[in-house]
**Student:** 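A single structure is presented below for examination.
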There are 2 protein chains.
Amino acid sequence: MAASTLSEVARLAGVSLATASRVLNGSTRKPAEDIAERVREAAEKLGYVPNAQAQALAKSSSGLIGLIVHDIADPYFSAIARGVQEAARQQNRMVLLASTSGAPSDEREAVAAFAARRADSIVIAGSRSARPEDEQGNLELAAELDRYCRNGGHVGVVGHPIVGSTTNEGYHVVEVPNEDLAAELADELAASHEGAFVVVGGPEGLFTSDDRIRGFQRGLADAGRPRAEVVRTGFNRAGGYDAGLALAERIKASDERLCIFAVNDVMAIGVTAALRAEGVWIPRDANIAGFDDIETLRDFRPALSTVYLPLEDIGRLAAGDPDGGSVVGSVKLRRSTELPAESQTA
Amino acid sequence: MAASTLSEVARLAGVSLATASRVLNGSTRKPAEDIAERVREAAEKLGYVPNAQAQALAKSSSGLIGLIVHDIADPYFSAIARGVQEAARQQNRMVLLASTSGAPSDEREAVAAFAARRADSIVIAGSRSARPEDEQGNLELAAELDRYCRNGGHVGVVGHPIVGSTTNEGYHVVEVPNEDLAAELADELAASHEGAFVVVGGPEGLFTSDDRIRGFQRGLADAGRPRAEVVRTGFNRAGGYDAGLALAERIKASDERLCIFAVNDVMAIGVTAALRAEGVWIPRDANIAGFDDIETLRDFRPALSTVYLPLEDIGRLAAGDPDGGSVVGSVKLRRSTELPAESQTA
DNA sequence: ATGCAACGGGAATGCGCTTTCCCACCTTCT
DNA sequence: AGAAGGTGGGAAAGCGCATTCCCGTTGCAT
């Protein structure tokens with residue numbers, strides 16, 4: 001048994017299709033109350049559920065928001081997703097989800113799928129990239145998005161404008177002050193750390209990573225400190241772990257006390273885990289800082305100095321929440337104590 | 001400019017609507033290659049994007065999977081979401097997301113919305129509840145789901161069957177062996193812990209929590225240990241933190257060395273944070289275990305003994321992945337060492 | 001009493017597509 | 001050569017709904 005239709009309801013109520021439609025699905029014209037009641041009763045009795053597809057087709061507006069993330073299980077993205085979801089709820093829309101692992105070609109595909117579903121808007125999160133191997137993919141993604149916009153779609157981009165897009169029409173970029181915040185973080189860290197700095201960054205060409213690196217270097221420079229050495233690795237825990245292993249060697253060999261800035265919290269956790277595995281103590285032998293202030297990691301010890309990013313708000317903004325506001329974020333300097341001071345008294 | 005339509009493509013290619021449809025959208029009938037080529041060219045030139053809504057309407061299958069979670073930013077749910085997303089990808093479908101904060105009435109609403117969109121199937125994750133205040137909501141949710149199933153929908157439920165559902169038709173429950181695994185965990189913990197056990201559980205009536213508590217008690221009993229005292233609190237970090245504060249008092253006052261089992265990792269983290277804040281050392285003064293083996297928390301120290309749950313697989317199964325398999329999970333006993341052994345040698 | 005506007009319900013059209021059904025044409029076998 | 005069967009394209013009928021006209025009623029002012 002397929003779901004019952006509006007015309008069945010209309011027939012049962014003894015009214016026309018038009019009237020039934022007007023009663024059940026918010027129209028400007030309100031039929032008389034007694035008729036309306038009859039229709040509602042009929043609908044109830046038949047268990048009528050309006051067909052949103054048909055509605056969308058008829059009034060060409062789907063009530064859908066497309067969300068593109070690299071990986072929904074990554075806390076960075078799931079926090080953004082929460083914001084998008086919330087905005088959608090307020091706008092009485094639903095969220096369509098696509099995970100892409102970050103490949104522009106997958107992203108292009110997702111955009112096409114969203115466009116096919118006539119999503120009212122698309123939110124695309126996840127670092128844009130300028131890596132040569134992504135160039136072709138970026139161009140195609142940009143073309144797909146441009147087309148979507150030309151057809152009246154709205155695109156919310158988290159972070160950086162789409163590489164290769166030829167228009168601004170329909171785009172709404174939520175700027176994340178990665179560079180400035182990283183500079184601020186560097187400044188604060190410089191105040192409490194004597195030794196050298198090392199940056200554990202993602203692959204070159206990843207804007208988010210590059211911005212944070214650039215900002216960090218600027219902050220160091222402003223604080224009168226030498227540039228940090230930059231280690232490139234994967235933009236995830238595994239990458240951080242690998243970098244951490246290498247750094248551990250160095251720390252143990254040279255006895256220098258480094259301050260390591262990983263460009264996101266998850267990488268920082270990887271670094272920490274590797275150092276710990278290699279017998280490097282924090283903060284005795286090294287300091288570690290991250291970026292994003294991932295909620296689940298706030299209780300992590302040794303505590304990560306990090307930068308708070310209002311990810312949920314970012315998602316909300318990208319999804320076009322009217323009561324806008326801009327992204328600010330703030331540095332969270334935390335004492336990395338292996339044994340919290342309070343513990344000493346226990 | 002609205003997106004171009006199939007009939008525009010057909011006209012440009014000089015063929016009928018039917019032919020264009022057959023060329024562009026997988027039909028069993030394959031038109032001649034030269035004609036097909038003409039159509040494809042026309043489509044390309046016009047930037048044709050098929051209208052999925054119209055397609056869905058015409059062939060009454062939307063290619064949508066609805067996913068209902070309590071909170072997409074919760075790592076437990078986002079891990080499941082990843083699995084669902086993956087299954088969807090394989091089935092060539094898209095995921096529609098709804099977060100509900102756990103209220104059955106919201107869940108009902110989400111189901112209705114999915115039904116309206118004619119989702120091919122719905123996955124509903126998040127603990128079912130038997131709490132009296134949810135009874136009415138549960139009934140309505142069950143009615144909505146039953147109706148959806150009657151209309152040919154498929155429902156994948158994570159954990160427990162829907163409370164109040166009057167049919168099995170269309171339902172597919174992915175059983176999670178919470179009880180057995182908790183028993184196993186208790187057994188393992190009993191082997192290495194001498195003192196008393198305390199369980200930090202969620203509100204009474206939450207099946208997931210209740211199952212884990214019951215299993216844990218059973219495991220203790222089987223190991224010849226006395227029942228654990230059960231503390232009820234919120235099913236999240238804050239709840240764990242609150243419980244942790246209370247337990248800290250006790251630990252400090254009585255000098256007893258407890259083993260605390262929090263019914264999920266996030267709560268366990270809360271407990272740990274509270275104990276730490278109160279100057280209780282782990283593992284010197286207490287032991288802590290959790291459940292779920294949340295990925296982001298694996299590097300947490302003191303390490304959580306926990307139970308691995310293949311959340312991604314669970315999501316995949318609930319989303320109806322054909323190459324089934326059942327949920328197993330396994331206990332992960334971890335030494336809770338404040339200072340990892342390796343560190344001592346540094 | 002008459003005219004007009006406002007109102008409320010219904011028939012019909014179309015949203016963009018899939019899918020039967022039909023027909024013209026071309027093979028192939030007896 | 002003729003019939004039976006296959007092949008490939010097109011016309012048209014919906015899928016379920018919103019919405020535009022259209023028309024019969026009613027209320028009110030004239």
Side-chain angles (χ1 to χ4, degrees), chain A residues 1-40 42-43 46-64 113 115-120 151-152, chain B residues 1-40 42-43 46-64 113 115-120 151-152:
Chain A
M1 158 188 170
S4 51
T5 72
L6 187 58
S7 59
E8 288 173 26
V9 174
R11 193 175 337 124
L12 180 58
V15 301
S16 80
L17 197 59
T19 303
S21 169
R22 292 196 262 253
V23 171
L24 296 176
N25 312 73
S27 159
T28 47
R29 284 182 57 173
K30 297 283 167 207
E33 187 46 40
D34 54 335
I35 289 198
E37 190 49 39
R38 252 193 7 247
V39 173
R40 267 183 242 111
L46 291 176
Y48 170 72
V49 178
N51 185 323
Q53 314 264 10
Q55 292 188 148
L57 189 57
K59 54 182 171 190
S60 51
S61 148
S62 62
L64 254 28
R117 295 222 136 78
R118 299 300 186 262
D120 297 332
N151 289 343
Chain B
M1 157 189 171
S4 50
T5 72
L6 186 58
S7 60
E8 288 173 27
V9 174
R11 195 180 329 127
L12 180 58
V15 300
S16 80
L17 198 58
T19 303
S21 169
R22 291 198 263 252
V23 172
L24 296 175
N25 312 74
S27 158
T28 46
R29 285 182 55 173
K30 297 284 167 207
E33 187 47 41
D34 54 335
I35 290 199
E37 190 49 39
R38 258 202 350 255
V39 173
R40 268 185 241 110
L46 291 176
Y48 170 73
V49 178
N51 185 323
Q53 315 265 8
Q55 292 188 143
L57 189 57
K59 54 183 171 190
S60 52
S61 149
S62 61
L64 254 27
R117 296 222 136 76
R118 298 300 186 264
D120 298 332
N151 290 342

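Naming: A, B, ... by sequence-line order, numbering from 1 per chain. What you see is a predicted model; the values in this text were computed from it and never measured.
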**Student:** The side chain of S16(B) lies closest to which of these nucleotides: dG9(C), dA11(D), dC17(D)?
**Tutor:** dA11(D)
**Student:** Check the distance between dT18(C)'s P and K30(B)'s NZ and give it to me in whole angstrom.
**Tutor:** 12 Å
**Student:** Check every atom of dC17(C), dG9(D), dC17(D) against the side chain of I35(B) and return the nucleotide holding the closest atom.
**Tutor:** dG9(D)
**Student:** Provide, to the nearest angstrom, the distance between the CG atom belonging to L6(B) and the P atom belonging to dG10(D).
**Tutor:** 12 Å
**Student:** Quiz question: going by heavy-atom distance under 3.5 Å, is there a donor-acceptor pair between the base of dG10(D) and the side chain of R22(B)?
**Tutor:** yes
**Student:** Do the non-hydrogen side-chain atoms of L6(B) and P50(B) ever get within less than 4.5 Å of each other?
**Tutor:** no
**Student:** Among dG10(D), dC17(D), dC17(C), which nucleotide has an atom closest to any side-chain atom of Y48(B)?
**Tutor:** dC17(C)
**Student:** Go nucleotide by nucleotide along DNA chain D from the 5' end; which of L57(A) and P31(B) gets its closest nucleotide reached first?
**Tutor:** P31(B)
**Student:** With rounding to the nearest 0.5 angstrom, report the OG to CG distance, S4(A) to N51(A).
**Tutor:** 11.0 Å
**Student:** Let me know, please, whether D34(A) or L17(A) comes out on the 5' side of the other along DNA chain C by nearest nucleotide.
**Tutor:** D34(A)
**Student:** Please name all residues satisfying side-chain contact (heavy atoms from CB on, under 4.5 Å) with A58(A), sequence neighbours left out, ordered by chain then number.
**Tutor:** none
**Student:** Within the pair Q55(A) and dA18(D), is there a side-chain N or O less than 4.0 Å away from OP1 or OP2?
**Tutor:** yes
**Student:** K59(A) NZ to dT20(D) P: how many Å, rounded?
**Tutor:** 13 Å
**Student:** What is the distance from CZ of R11(A) to P of dC17(D), rounded to the nearest Å?
**Tutor:** 12 Å
**Student:** Under 4.5 Å between any side-chain heavy atoms of R117(A) and L64(B), yes or no?
**Tutor:** yes
**Student:** Between dG16(C), dT19(D), dG10(D), spot the one nearest the side chain of A18(A), thanks.
**Tutor:** dT19(D)
**Student:** For L46(B) and dC17(C), give me the distance from atom CG to atom P, rounded to whole Å.
**Tutor:** 12 Å
**Student:** So, OP1 or OP2 of dG16(C): does either fall under 4.0 Å of a side-chain N or O from T5(B)?
**Tutor:** no
**Student:** Atom CG of N51(A) to atom C1' of dG16(C): distance rounded to whole Å?
**Tutor:** 14 Å
**Student:** Looking only at side-chain atoms of A32(A), point me to the closest of dT18(C), dG10(C), dG9(C).
**Tutor:** dG9(C)
**Student:** So does E8(B) get a backbone contact from the side chain of R11(B), meaning a donor-acceptor N/O pair under 3.5 Å?
**Tutor:** no
**Student:** How many Å lie between CD on Q53(A) and C1' on dC17(D), as a whole number?
**Tutor:** 12 Å
**Student:** Donor-acceptor pair, S62(A) side chain versus A56(A) backbone, under 3.5 Å?
**Tutor:** no
**Student:** Indicate whether OP1 or OP2 belonging to dG9(D) is found under 4.0 Å from a side-chain N or O atom of T19(B).
**Tutor:** no
**Student:** Between dG10(C), dC17(C), dA18(D), spot the one nearest the side chain of A58(A), thanks.
**Tutor:** dA18(D)
**Student:** Expressed in angstrom and rounded to an integer, what is the separation of L24(B) atom CG from dT18(C) atom C1'?
**Tutor:** 13 Å
**Student:** Between S7(A) and dG16(D), is there a side-chain N or O to OP1/OP2 distance below 4.0 Å?
**Tutor:** no
**Student:** Is the phosphate of dC17(C) approached by N25(B) (side-chain N or O, under 4.0 Å from OP1 or OP2)?
**Tutor:** no
